Amino acid sequence: MSDSPLLSTSLDRTIREPVEEPEVAVDYVALKDRNADEQPREKLLARGPAALSDAELIGLIFGTGTRVGGRSLSAVELGQVLIRAYGSLAKLARREAAQVAKATKGVGPAKAAQLAAAFEIGRRVEAAPPEARVTVRSPADVAAAYGPRLRDLPREVFVVVHLSTANVIQSEHTLTTGGLAASIVEPRQVFQRAILENAASVICLHNHPSGNPEPSREDVAITKQLCEAGAVLGIPVHDHVIIAGRGYTSLKERGLM
């Protein structure tokens, strides 16, 4: 099934405004009444997921359509609403579920949560190592393990990775969300969990939603505080890695710690 134009010019607005009621095509036919090769589930089973359009994939996640302003919309048509409104799956993945539910008519909290869960599954699959044990040999190893999970987040997240004596990742701990200038990371928060986990050392990392990989003054100041505290406790901070889009910055490589 190809994506047919279903919406008026209201979808050309940015997502900053709520999406208005979509115009449903006159020849609208419910998915259940269409040919099997036009139904996303049957199409996927017969030809594989790559054969589905972005809107069809979203429709398959939703499962059911809805009614908007007295009009019936199929799940795929809701997918078309979202793709037209946000521009792409990648841009949609960077939005918070609550924002999607609030800004797009016909997509309530339940459907927005379904989408958010699907995107998070994709991030975790991409970030999952081929083996259970991940050995950190360089900042690139850290970026490969955590970049897919952090690069699309709309807010800053600070994560502490606990390492064994062989630099194998044992566990991780998320401390704060929000701007680092507003949410100060205290050494006590970082090392309290590290001590409980018997970590031999730690690596800190956080994301820059702006995509700018340059460390801020706050990033450098916090890193130096953590390094000093780690030296006293005997739990060294090996690095502080900033995830920014598809790239990363290592403060250790920059000589800033």
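Just the heavy atoms: all of them, side chains too, but no hydrogens, waters or symmetry mates, feed the values below. Because the structure is predicted, anything quoted here is derived from the model rather than measured. This chain uses plain numbering: 1 for the first residue, then up along the sequence.
At least one side-chain heavy atom of Ser164 sits under 4.5 Å from a side-chain heavy atom of Gln170. Using a 4.5 Å heavy-atom cutoff, the side chains of Leu92 and Asp54 are not in contact. Counting only heavy atoms from C-beta outward, the side chains of Glu56 and Lys43 approach each other to under 4.5 Å. Inter-residue side-chain proximity for Val202 and His238 is flagged as unmet; no heavy-atom pair is nearer than 4.5 Å. Looking at Leu115 and Ile58, their side chains come closer than 4.5 Å, going by heavy atoms from C-beta outward.
Classification of the Phe158-His240 ring pair by plane angle, with boundaries at 30° and 60°, yields perpendicular.
Using a cutoff of 4.0 Å between basic side-chain nitrogens and carboxylate oxygens, Arg124 and Glu120 are scored as salt-bridged. Using a 4.0 Å cut-off between a side-chain N of Lys or Arg and a carboxylate O of Asp or Glu, Arg149 and Glu172 qualify as a salt bridge. Checked for salt-bridge contact, Glu214 and Arg254 meet the test: a charged N lies under 4.0 Å from a carboxylate O.
Minimum heavy-atom separation, Thr64 to Ala75: O-CB, 3.6 Å. Considering every non-hydrogen atom in both Gly79 and Ala55, the closest pair reads C-CB, 3.8 Å. Nearest approach of Glu253 to Pro139, heavy atoms of both residues: OE2-CG, 3.5 Å. Residue Val237 comes nearest to Cys204 through the heavy atom pair CG1-SG, 4.3 Å, listed as atom of the first residue, atom of the second, then distance. Heavy atoms only, all atoms of each residue included: Arg151 and Gly245 are closest at CB-O, 3.1 Å. Considering every non-hydrogen atom in both Pro209 and Glu156, the closest pair reads CD-CG, 3.5 Å.
Annotation: the span from Asp152 atom CG to Ile243 atom CD1 amounts to 11.5 Å, rounded to 0.5 Å. Summarising the geometry, atom CG belonging to Leu226 is positioned 12.0 Å from atom CD1 belonging to Ile235; distances are rounded to the nearest 0.5 Å. Distance CG/Leu205 to CD1/Ile242: 10.0 Å, rounded to 0.5 Å. The NZ atom of Lys91 sits 11.0 Å away from atom CD1 of Ile83, with the distance rounded to the nearest 0.5 Å. One finds the CD atom of Glu42 at 13.0 Å from the CZ atom of Arg47 (value rounded to the nearest 0.5 Å). Separation of atoms CZ (Arg95) and NZ (Lys102) is listed at 13.0 Å; rounding is to 0.5 Å.
Linking ILVMFWY residues whenever their side-chain heavy atoms come closer than 4.5 Å, directly or via other members, places Leu233 and Val160 in the same cluster. Hydrophobic clustering of Ile, Leu, Val, Met, Phe, Trp and Tyr side chains at less than 4.5 Å, counting indirect connections, keeps Leu196 apart from Leu163.
Thr223 pairs in a side-chain contact (heavy atoms from CB on, under 4.5 Å) with only one of the listed residues (Leu251, Leu256, Val185, Asp239), which is Leu251.
The other members of the hydrophobic cluster of Leu57, by chain and number, are Leu44, Leu45, Leu52, Leu60 (side-chain heavy atoms under 4.5 Å, ILVMFWY only).
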Please test Arg137 against Thr135 for side chain to side chain contact (heavy atoms under 4.5 Å, CB included), starting from the C-alpha separation and ending with a verdict.
-> CA-CA 6 Å; Arg137 300 181 179 87; Thr135 301; 4.1 Å; yes

Can you list the steps and then say if Val76 with Phe62 is a side chain to side chain contact (heavy atoms under 4.5 Å, CB included)?
-> CA-CA 8 Å; Val76 172; Phe62 285 163; over 6 Å; no

Start with the C-alpha distance between Leu82 and Val107, add both sets of side-chain angles, then the distance that settles side chain to side chain contact (heavy atoms under 4.5 Å, CB included), and finish with yes or no.
-> CA-CA 9 Å; Leu82 288 167; Val107 180; 4.2 Å; yes

Would Asn207 and Tyr146 count as a side chain to side chain contact (heavy atoms under 4.5 Å, CB included) if you check the C-alpha gap in whole Å, the side-chain angles of each, and the deciding distance to 0.1 Å?
-> CA-CA 10 Å; Asn207 62 310; Tyr146 291 93; over 6 Å; no

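For the pair Gln225 (side chain) and Ile222 (backbone), a donor-acceptor distance under 3.5 Å is absent. No donor-acceptor pair under 3.5 Å is formed between the side chain of Thr165 and the backbone N or O of Ala200. Between the Glu77 side chain and the Ser74 main chain, a donor and an acceptor come within less than 3.5 Å of each other. With Ser216 contributing its side chain and Asp219 its backbone, the two residues share a donor-acceptor pair below 3.5 Å.
Listed by chain and number, the residues in a salt bridge (charged side-chain N to carboxylate O under 4.0 Å, His left out) with Arg188 are Glu186 (sequence neighbours excluded). Remark: Arg193 pairs with no residue by the salt bridge (charged side-chain N to carboxylate O under 4.0 Å, His left out) rule, at least two apart or across chains.
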